[in-house]
Amino acid sequence: MQDERFCFISGMFTNIVARWPGSTHDSFIFSDSQIGQQLNAQHQSVEDGLLLGDSGYPCKPYLMTPYLNPGTNKQTDFNNARTRTRVAIEQAFGVWKRRFHLLHSEIRMKPEKVCMMIGACAVLHNIAILRKEPLYGDAEADDQPDPICYCGPEDGKAIRDHICNTFFWHFSWSLFP
């Protein structure tokens, strides 16, 4: 089963969609999900929050994707920071799998039961985090920057450029002024 998973940097899951076959592309699952449809219809500005997606997703006002061919150091730094943040999310999936061994491989049961089991594992995982249940290898997230103020077109690429130009800078050193 292919599942769509969203989580906070704390590692808690906020949305689980586990009803699609494993060959279904993540971006289709997201666009078909309730949260994807809600963001597409109701997201007003950067202040509403942002999601990070890989290059398989379209860049949207609420969904930041990497620059495919970064042309500046700022764009490269943006991609690197986005990757580091996504690593923290991928680590949350790893913690989830370590907590529930049945998530390591194919679950040979009826699809409806598998969907319920995946959802139950996510709920129990969230409870474990809230109760601060220990798990070896749990990664702590770095401090996050303050929310950004953005006044401009609500276009994914424009917002991504704004983030890139606001938070990533390079000094150009030259031997000759």
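Worth knowing before you read on, the calculation uses all heavy atoms, side chains too, and leaves out hydrogens, waters and symmetry mates. All residue numbers in this chain count up from 1 along the given sequence. Just so we're clear, the structure is a prediction, and the values are computed from it rather than from any experiment.
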Test: side-chain hydrogen bond (donor to acceptor under 3.5 Å, both in side chains). Region: residues 110-121. Which pairs qualify, not counting sequence neighbours?
none
In terms of heavy-atom contacts, does NE2 of His104 have more than 12 from other residues, nucleotides or ligands at under 6.0 Å?
yes
I need the minimum non-hydrogen distance between Pro61 and Glu154, along with the two atoms involved.
CG-O, 3.2 Å
Spell out, as yes or no, whether a donor-acceptor pair under 3.5 Å connects the side chain of Arg160 to the backbone of Thr65.
yes
Minimal heavy-atom distance between Leu50 and Met64, with the atoms involved, is CD1-CG, 4.1 Å
Is any side-chain heavy atom of Phe78 closer than 4.5 Å to one of Pro66?
no
May I ask you to decide if the ring planes of His125 and Phe13 are parallel, tilted or perpendicular, using 30° and 60° as cut-offs?
tilted
Sub-3.5 Å donor-acceptor pair from the side chain of Asp48 to the main-chain atoms of Gln44, do we have one?
yes
Examine Leu102 and Ile16 and state if one hydrophobic cluster contains both, with Ile, Leu, Val, Met, Phe, Trp and Tyr joined whenever side-chain heavy atoms are less than 4.5 Å apart.
yes
Smallest heavy-atom separation, Val46 atom then His43 atom, equals N-CE1, 4.2 Å
I need the minimum non-hydrogen distance between Leu52 and Leu63, along with the two atoms involved.
C-CD1, 4.0 Å
Heavy-atom nearest pair, Pro70 first then Thr76, reads CB-OG1, 3.6 Å
Measure across Lys60 and Asn40 and return the closest heavy-atom pair with its distance rounded to 0.1 Å.
NZ-OD1, 3.8 Å
